[in-house]
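Atoms within each ligand, like the ligands themselves, are counted from 1 in listed order. Below, each value reflects all heavy atoms present in this structure, side chains not excepted, and no hydrogens, waters or symmetry copies. In this chain, residues are counted from 1 in sequence order.
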Amino acid sequence: MEQLLVALDVDTVAEARAMADRLRGTVGGFKIGSRLFTGTGPGFVEELAARGDRVFLDLKFHDIPNTVAGAVAAATRLGVWMVNVHASGGSAMMRAAREAAGEEAARRSIRPPLVIAVTVLTSLDDSALSQIGFNTSAAGQVERLAALTQAAGLDGVVASPQEIAIIRRHCGPRFSIVTPGIRGAGDAKGDQSRTMSAADALAAGASYLVVGRPIIGADDPREAAGRIAVECRA
Ligand code: C5P
């Protein structure tokens, strides 16, 4: 299932490689986040990309424009398919990220990665936002930052299941919405509170689903991924 991205949230390359090998062909790509990347470095990202897997490098860059541009250029050289930044880094930072991806890809005659932005971390609620000085609700802030992301020329945003519909309405059909927090009826929620089933998230307008533990923690990850695909087709 092309829209299903599996979070390889493990500690070692050996575990990540074994999981990717089990899932290849049933899922649309693999997400590598700060846990695996910080522990093991860029080699495995390059390895997956070189064998043709779609890699979403989820490092959520947030720094001055020049530094983020350099990081996005480096990610482009690794061959990633999608990379992300924090929208709260601002419009100039996001534009620098977009340009760096385009320029580096042109130099190498490759297709530039999709560059998307995190609006508001799903772990932040209204009171946590007010603590850090934001006086809008999480929903209002998501809407504002999604619009800023689109205006900066980025390809889409990461959004919780609850935010999909409003972003889709405001940003139109071509804007990518990447949604974690996917849980089936029988899945443990873990630390995710606002969850939705894969089928419901797609129906609400998600472009891609990020699923971690319900697949990588299953006794049979391939079967678990297949089950989600069947549920979405039904
Ligand atoms: O295991 P689970 O399905 O909860 O994994 C979801 C993945 O999506 C994790 O890698 C998590 O870091 C990531 N993520 C998230 N919420 C966000 C952004 C990313 O759960 N807002």
Side-chain angles (χ1 to χ4, degrees), residues 1 3-12 15-16 19-20 23 26-40 44-45 48 54-62 80-89 114-126 128-129 132 138-139 141-143 145-146 149 154-164 166-167 176-202 204 206-219 221 224-225 227-229 231-232:
M1 176 184 163
Q3 291 137 302
L4 180 57
L5 310 177
V6 176
L8 296 176
D9 290 331
V10 295
D11 289 316
T12 66
E15 290 169 275
M19 188 57 67
L23 293 171
T26 57
V27 302
F30 301 105
K31 182 175 87 69
I32 294 181
S34 49
R35 175 174 170 183
L36 184 62
F37 192 87
T38 305
T40 70
F44 183 63
V45 174
L48 284 187
R54 298 201 302 194
V55 180
F56 169 19
L57 187 62
D58 175 25
L59 298 180
K60 303 183 181 70
F61 299 131
H62 189 174
V80 307
W81 161 76
M82 178 184 277
V83 62
N84 61 1
V85 301
H86 268 285
S88 52
L114 296 167
V115 183
I116 64 169
V118 176
T119 53
V120 176
L121 291 172
T122 46
S123 51
L124 298 176
D125 57 15
D126 290 353
L129 275 179
I132 58 170
Q141 189 66 7
V142 165
E143 218 181 300
L145 289 176
T149 299
L154 267 56
D155 300 292
V157 290
V158 181
S160 88
Q162 275 68 25
E163 296 153 3
I164 299 170
I166 189 155
I167 294 171
S176 289
I177 302 177
V178 180
T179 305
I182 300 300
R183 292 293 185 272
D187 292 333
K189 289 199 173 185
D191 53 359
Q192 299 282 15
S193 51
R194 293 178 291 156
T195 63
M196 203 180 263
S197 75
D200 288 346
L202 287 179
S207 317
Y208 298 100
L209 309 175
V210 172
V211 182
R213 288 160 291 183
I215 292 178
I216 69 169
D219 291 334
R227 204 156 9 93
I228 291 175
E231 178 204 319
C232 291

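Ring geometry for Tyr208 against Trp81 counts as perpendicular: the plane angle is over 60°, on a 0 to 90° scale with 30° as the lower cut.
For the residue pair Pro161 and Gly181, the shortest heavy atom distance occurs at CG-O, 3.7 Å. Nearest heavy atom pair, residue Val157 against residue Ala146, reads CG1-CA, 4.2 Å. Between Leu4 and Ala225, the shortest heavy-atom distance links the atoms CD2-O, 4.0 Å.
Close approach of ligand 1 to Thr122 is summarised as follows: ligand atoms under 4.0 Å from at least one heavy atom of the residue are 16 (N), 17 (C), 21 (N). Under a 4.0 Å criterion applied to the non-hydrogen atoms of Val210, ligand 1 contributes the atoms 7 (C), 8 (O). Heavy-atom proximity to Arg183, at under 4.0 Å, picks out these atoms of ligand 1: 1 (O), 2 (P), 3 (O), 4 (O).
At least one N/O-N/O distance between Gly212 and ligand 1 falls below 3.5 Å. Considering both main-chain and side-chain atoms, Arg213 comes within under 3.5 Å of ligand 1 through a nitrogen or oxygen pair. In terms of polar-atom proximity, defined here as any N/O pair under 3.5 Å, Asp191 makes no such contact with ligand 1. Of the polar atoms of Asp9, at least one N or O is found under 3.5 Å from an N or O of ligand 1, judged by distance alone.
At the top of the distance list for atom 6 (C) of ligand 1, counting protein heavy atoms only, stands Gln192 NE2, 3.8 Å. Closest to atom 11 (C) of ligand 1 among all protein heavy atoms lies Lys31 NZ, 4.2 Å.
Judged by distance alone, the side chain of Glu231 and the main-chain N or O of Ala199 form a donor-acceptor pair under 3.5 Å. In this structure a side-chain-to-backbone donor-acceptor pair under 3.5 Å is present from Asn84 to Lys60. Thr179 places no side-chain N or O within 3.5 Å of a backbone atom of Leu209 that could act as its donor or acceptor partner.
The nearest non-hydrogen atom to atom 17 (C) of ligand 1, considering only Pro214, Ser160, Pro180, comes from Pro180.
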